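Report on one structure; see the data block that follows.
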Amino acid sequence: MVFRSSLARRGRAACAAFALTLAGSSAAVVPARASASPAGPPVDVIVRQVAGAGQAAEAAVERLGGHVGRHLGIIDGFSAQVPTNRVPELSAAPGVVSVTRDASLRLQTDAWTADSDLGSLRNVAKAIGAAEAWDEGVTGKGVDVALIDSGVAPVEGLEGSDKVVNGPDLSSEPGDVARPGVDTFGHGTHLAGIIAGRDSTSGAGRFTGIAPDARLVSVKVASADGATDVSQVIEAIDWVVQHRHDNGLNIRVLNLSYSTDAAPSYVLDPLAHAVESAWFHGVVVVASAGNDGLEAAQLTSPAVDPYVIAVGASDHQGTQTTADDVVASLSNRGNAIRHADLVAPGRSIVSLRDPGSYIDSHHPEGLVAGDAEHRFFRGTGTSQSTAVVSGAVALLLEQRPDLTPDQVKALLMTTAHALPAGDALAQGAGLLDIDAALAQPTPTPWQSSPPAQFAPASGRASVGGHWSGDSWS
Ligand SMILES: [Ca+2]
């Protein structure tokens with residue numbers, strides 16, 4: 001998992017493709033002979049099993065000398081660790097649908113740069129029409145936004161149980177029982193501020209996010225070093241879907257501001273399968289297009305899934321007017337089949353600082369000049385753009401709680417403004433205009449249904465990873 005907070009130039013080797021299928025190239029697979037070779041080093045995998053097939057797949061893992069990890073009900077699967085050279089046998093075992101690699105990937109942190117105050121959320125709110133929505137009394141009230149990220153720090157602007165509800169802490173960080181779910185990295189706090197931050201004080205200097213009266217449900221998956229696994233994120237999505245209506249919760253939006261290299265087809269990708277499941281359960285999934293740049297030929301996963309809302313970053317070009325805005329050079333361009341659905345501001349966005357966190361400690365250039373209280377930090381990338389869109393979706397769902405995810409997506413895309421100066425493909429429908437979306441009549445299910453050529457993601461890869469002897473690549 002690579003959190004898309006910034007330019008993802010660095011560490012590409014750390015986020016190698018994790019779910020390539022060999023279904024169509026089985027000749028390249030070298031079957032392992034368990035009795036004739038040592039077990040080989042263990043490898044972490046995600047196993048999908050035949051629904052209703054009982055424990056056959058788990059039994060196969062144990063029989064092959066592996067261990068079953070976390071249960072991943074949303075994709076009918078589980079994580080496991082198995083000897084590397086037993087993967088082909090596991091893939092062929094009764095009850096097993098697919099075995100894909102569960103890679104450990106890292107957050108990217110190298111574009112936190114200072115810029116002008118054009119990145120303030122006040123200006124962002126004006127650029128996307130949220131300020132008009134507030135004037136009309138639409139503030140996201142009654143809508144919960146799930147944030148699967150690095151947790152949230154209890155800083156001013158994000159305090160109180162009416163603002164942040166902590167879901168489970170699924171990160172690998174040693175448990176701090178006094179502060180479960182607290183952000184030690186600094187990424188989740190920044191996004192939480194953008195989505196729904198709100199100072200307890202009033203007055204001219206009051207900090208507010210895009211949906212200041214929405215509530216956040218934080219599910220922490222990344223620890224202080226930014227590391228998380230695909231299976232941790234799938235488990236978190238599973239939790240969000242299972243508990244979206246618990247104890248007064250009303251989770252209608254899921255913010256996924258991170259990504260990993262996409263499989264050759266989203267249809268084979270377990271993460272795509274998980275986000276589609278959330279979408280079909282009525283949760284609007286908003287995902288970052290990726291920070292690999294306009295030369296990138298593909299969106300990252302899970303944004304590559306055509307059902308969810310894929311968000312690219314726009315760049316204000318140093319001026320208040322949006323007439324000259326372009327698609328940020330760091331935003332993934334994609335291709336004719338799949339590109340960002342729309343763009344939102346993503347350059348040097350000023351949101352809440354997480355004092356002492358990894359990003360805060362390692363990127364002093366993100367501090368905001370003139371910020372006497374040292375409360376704020378600048379972040380650039382499609383992560384921030386995604387958080388802007390998640391807040392906007394909360395506004396729309398306060399106004400019309402019965403909208404389906406397809407209708408929300410159709411409203412945002414049919415009202416976005418094309419950027420004349422921007423890359424025509426990379427911007428999708430153009431720059432978010434939530435005020436226009438709020439004024440647009442509700443589309444019929446027919447008008448908002450996705451094109452029929454989108455096959456649902458099945459995750460039915462036969463073998464994950466490039467297999468060569470007893471090593472993965
Ligand atoms: Ca501009």
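Fair warning: this is a prediction, and the values are worked out from it, not measured in the lab. As the structure lists them, so they are numbered: ligands from 1, and atoms in each ligand from 1.
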> How many angstroms lie between atom CG of Asp325 and atom CG of Leu419, to the nearest 0.5 angstrom?
Replying inline: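 Going from the CG atom of Asp325 to the CG atom of Leu419 covers 6.0 Å.
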> Any donor and acceptor pair, going by atom type alone, linking the side chain of Asp315 with main-chain N or O of Val326 inside 3.5 Å?
Replying inline: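 No; zero donor-acceptor contacts below 3.5 Å.
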> With respect to Asp213, which candidate in Arg198, Lys141, Lys163 satisfies the salt bridge (Lys or Arg N to Asp or Glu O under 4.0 Å) definition?
Replying inline: Arg198
> How far apart are the C-alpha atoms of Ile148 and Leu256, what are their side-chain angles, what is the distance that settles it, and do they pass the side-chain contact (heavy atoms from CB on, under 4.5 Å) test?
Replying inline: CA-CA 6 Å; Ile148 297 176; Leu256 290 167; 4.0 Å; yes
>> In the structure I gave you, are the side-chain heavy atoms of Val286 and Val253 within less than 4.5 Å of one another anywhere?
In response: yes
> Is the shortest heavy-atom distance from the side chain of Gln384 to the side chain of Leu191 under 4.5 Å?
Replying inline: yes
>> For distances below 3.0 Å, what is the count of protein N, O or S atoms around the Ca ion (ligand 1)?
In response: 6
